[in-house]
A.B. asks: 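Below are the structure tokens for one structure; questions will follow.
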Amino acid sequence: MRVATLAPEFVESFPSTLEPGVLYVSIEFTTCAHLCACGCGEEVFTPLSPAQWSFAFNGRDISMRPSIGNWTLPCQSHYIIERGRVTWSYQFTKEQIAANRARDRRALRTRDEPEAAHEASEAAISQEQENKRTNRFWTRMWSHIWGG
Ligand SMILES: [Zn+2]
């Protein structure tokens with residue numbers, strides 16, 4: 001059964017059995033852990049680092065960035081944890097991935113850049129965009145938290 005909310009629990013180390021609906025936070029190990037929100041029972045570990053996950057705690061609920069994309073699990077679930085609530089995100093199909101690639105290539109031709117160069121930088125560009133989005137999110141989040 002899908003879990004709609006994740007309640008934070010601050011721990012030093014993770015219990016051997018994770019409870020559904022709980023988002024464990026270990027500052028000691030700079031990692032969060034929870035059971036996949038789809039209910040499949042798989043443990044999901046999200047390391048906290050500038051290149052990986054970050055969380056914001058408002059005293060009651062946690063928001064995590066970026067989204068949780070469990071591509072490596074059989075369920076392949078993808079969701080966002082926002083103020084303790086689980087919001088399900090898109091699940092790319094092979095067709096969608098192919099369509100996005102084709103759209104990128106079309107956009108590229110109008111800019112008259114070599115296609116091969118674009119292919120190589122495609123991942124870097126999307127990562128950069130993601131970082132910018134994340135930074136904007138955190139700027140807002142921090143000014144909200146600190147009232148700045
Ligand atoms: Zn799952």
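All residue numbers refer to positions in the sequence shown, counting from 1. Worth saying up front: this structure is predicted, and the values here are computed from it rather than measured.
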A.B. asks: Any sub-3.5 Å donor-acceptor pair from T46's side-chain atoms to C32's backbone N or O?
C.D. replies: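 Yes, the answer is positive, given that a donor and an acceptor are paired below the 3.5 Å cut-off.
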A.B. asks: Roughly how far, to the nearest 0.5 Å, is the CD1 atom of I81 from the CG atom of L23?
C.D. replies: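 These two atoms lie 5.0 Å from each other.
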A.B. asks: Under the side chain to side chain contact (heavy atoms under 4.5 Å, CB included) criterion, do C38 and W88 qualify, and how do the steps go?
C.D. replies: CA-CA 9 Å; C38 90; W88 293 85; 3.6 Å; yes
A.B. asks: With the side chain counted from C-beta on, respond yes when V3 and M1 share a heavy-atom pair under 4.5 Å apart, and no when they do not.
C.D. replies: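 A side-chain contact under 4.5 Å is absent here.
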A.B. asks: Determine the minimum heavy-atom distance between A37 and V86, stating which atoms define it.
C.D. replies: CB-CG1, 3.9 Å
A.B. asks: Could you tell me which residues satisfy side chain to side chain donor-acceptor pair (under 3.5 Å) with T17, sequence neighbours excluded, listed by chain and number?
C.D. replies: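 Expected list: none.
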A.B. asks: Following the transitive rule for hydrophobic clusters with a side-chain heavy-atom cut-off under 4.5 Å over Ile, Leu, Val, Met, Phe, Trp and Tyr, establish whether F29 and F55 coincide in one cluster.
C.D. replies: no
A.B. asks: Are E82 and R65 side-chain neighbours, meaning at least one heavy-atom pair lies under 4.5 Å?
C.D. replies: yes
A.B. asks: Are H78 and S67 close enough that some pair of their side-chain heavy atoms sits under 4.5 Å apart?
C.D. replies: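 Yes, close enough: below the 4.5 Å cut-off.
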A.B. asks: Heavy-atom distance under 4.5 Å between the side chains of I68 and H34, does that happen here?
C.D. replies: yes
A.B. asks: So which heavy atom on T31 is nearest to which on L48, and how close?
C.D. replies: N-CD1, 3.8 Å
A.B. asks: If hydrophobic residues (ILVMFWY) are linked whenever their side-chain heavy atoms come closer than 4.5 Å, directly or via other members, who joins Y24 in its cluster?
C.D. replies: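 Noted: Y24 shares its cluster with V11, F14, L18, V22, L35, F45.
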A.B. asks: Is the closest side-chain heavy-atom distance between Y79 and N70 below 4.5 Å?
C.D. replies: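 Yes. Closest side-chain heavy atoms under 4.5 Å.
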A.B. asks: Taking side chain to side chain donor-acceptor pair (under 3.5 Å) as the test, write out the residues that go with Q52, two or more places apart.
C.D. replies: S49
A.B. asks: Given the rule that I, L, V, M, F, W and Y join up when any side-chain heavy atoms are under 4.5 Å apart, are I80 and L73 in one cluster?
C.D. replies: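 No, it is not one cluster - the side chains of I80 and L73 are not joined through contacts under 4.5 Å.
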A.B. asks: Just wondering, do S77 and C36 contact through their side chains at under 4.5 Å, heavy atoms?
C.D. replies: yes
A.B. asks: Got a donor-acceptor contact below 3.5 angstrom from the T5 side chain to the G84 backbone?
C.D. replies: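 Between the backbone of G84 and the side chain of T5 there is no qualifying donor-acceptor contact (under 3.5 Å).
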A.B. asks: Nearest heavy-atom pair of S26 and E12: which atoms, and what distance?
C.D. replies: OG-O, 2.6 Å
A.B. asks: List the steps, then state whether side chain to side chain contact (heavy atoms under 4.5 Å, CB included) holds for R85 with D61.
C.D. replies: CA-CA 8 Å; R85 297 195 65 80; D61 305 309; over 6 Å; no
